[in-house]
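Note that ligands are numbered from 1 as they come in the structure, with each ligand's atoms numbered from 1 the same way.
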Amino acid sequence: MSGWFVLTIVLGVPVGPMARIVMKFGGTSVADLDRIRNVARHVKRETDDGHQVAVVVSAMAGRTNELVSWTREASPLHDAREYDAVVAAGEQVSSGLLAIVLQSMGVNARSWQGWQIPIQTDNAHGAARILDIDGSDLVRRFGEGQVAVVAGFQGIGPDNRIATLGRGGSDTSAVALAAAVEADRCDIYTDVDGVYTTDPRIEPAARRLKKVAFEEMLELASLGAKVLQVRSVELAMVHKVRMFVRSSFDEPDAPGMGDLDNPPGTLICDEDEIVEQEVVTGIAYAKDEAQISLRRLADRPGVSAAIFGPLSKAHINVDMIVQNISEDGSSTDMTFTVPSGDMEKSLTVLNDAREAIGFDVVQSESGLAKISVIGIGMRSHAGVAATAFQALADKGINIKAITTSEIKISILIDGPYAELAVRTLHSVYGLDKT
Ligand code: ASP
Ligand code: MG
């Protein structure tokens, strides 16, 4: 053992490489002062190890909902700039409280609101996008050993007013900040301990994944694995920010928690970093889907635009779209899915546009489920889809529609079969085996 190593132990100086880490804590992680103290211990563990740390916090659990409901009660039709002034307040409180607790534990911490950094956004109040973050002051303060506690979910618009990023936006704040300061990792602390092969409430044999590629996570996140705001993953993919999903409910000082290379949780990273690619990474599902079919539709240029234009204007989020090749060159069928809650509205929009579209009948059904098999390994493996179809057939589950992409197969089925289908597919691809 080198003399240097022994000396550093004696002086209590941290051993090992220094990293720059952004730590993000969601609402349940800062729900009350006890939870905030627990968060502070996670932060102190990293600073004690000699790492440079910036923290991003959400509002205490339930606070943002309360603030939103006050703005509605005050006036249903309110100014979006004043909505932002109100709802950004939750993060102001949690960031200040965490800074106070950290200081009381001897950590040199300081809170920052979005406008103070500044986190510059566009003018879309209530759903603003981050345009730029100047990380230089934060980096200088890292050098002085200061921990920045940054209010998530907020920035400042070109009109010099507070702007919020849309619900769940502090994940995006954290990733943007990590990109701005070129952090080694953006740790997202939440109430689950990682990303699983499927929902463990449906399949108890679901396993925590060690690594997930950005593209896979985008599919998993938008298809029901509600761990991360989808936009934050998009941003991380663009800037190659390594995100790490882990639990704030793990004991802060448990063995391995501060392990730089292999802490407990799931790394979301570039696919190049994933050496051993599985063919299938996970099974996602979305319940409460509805299917709409337009029968005997004129097969002519512009017909799809005539359908989906009005639906998009009505802010209806269309998901699977299937059009068949027409048999006689004159008429075809179009099927697509929407969330069940949007079905009636969609039918109204379509009937209003009936003349412009030109269809014979419209059929619809709600209460369906979409099950998706996801994996980047699919790109280079044949037979993945056939395996799914056979497994569902063996269980007597009827498939209503199928769509695929390079890394995903989505299957529409009757809602009551959703859980059986998830379990069946999870086991047919061996996801329950380590
Ligand atoms: N507090 C905000 C919300 O509840 C932002 C967040 O938690 O990410 O939507
Ligand atoms: Mg959240």
Is Gly27 in contact with ligand 1, taking contact as a heavy-atom separation below 4.0 Å?
no
Contact check, Gly168 vs ligand 1, heavy-atom distance below 4.0 Å
yes
With nothing but distance in play, are any N or O atoms of Lys24 less than 3.5 Å from an N or O of ligand 1?
no
Is the OH atom of Tyr417 crowded by more than 12 outside heavy atoms at less than 6.0 Å?
no
Does a donor on one side chain and an acceptor on the other come within less than 3.5 Å for Tyr196 and Arg208?
no
Is it true that the side chains of Arg45 and His42 contain a donor and an acceptor less than 3.5 Å apart?
yes
Atom indices of ligand 1 within 4.0 angstrom of Ser58 heavy atoms, with elements:
6 (C), 7 (O), 8 (O)
For Arg167, the ligand 1 atoms with a heavy-atom partner under 4.0 Å come out as 3 (C), 4 (O), 9 (O)
To the nearest 0.5 Å, how far apart are CG in Asp432 and CZ in Arg207?
8.0 Å
Just so I know, are the side chains of Thr281 and Tyr429 near enough to count as touching, which here means a heavy-atom distance under 4.5 Å?
no
Answer with side chain, backbone, both or neither: which part of Glu91 has a heavy atom less than 4.0 angstrom from an atom of ligand 1?
side chain
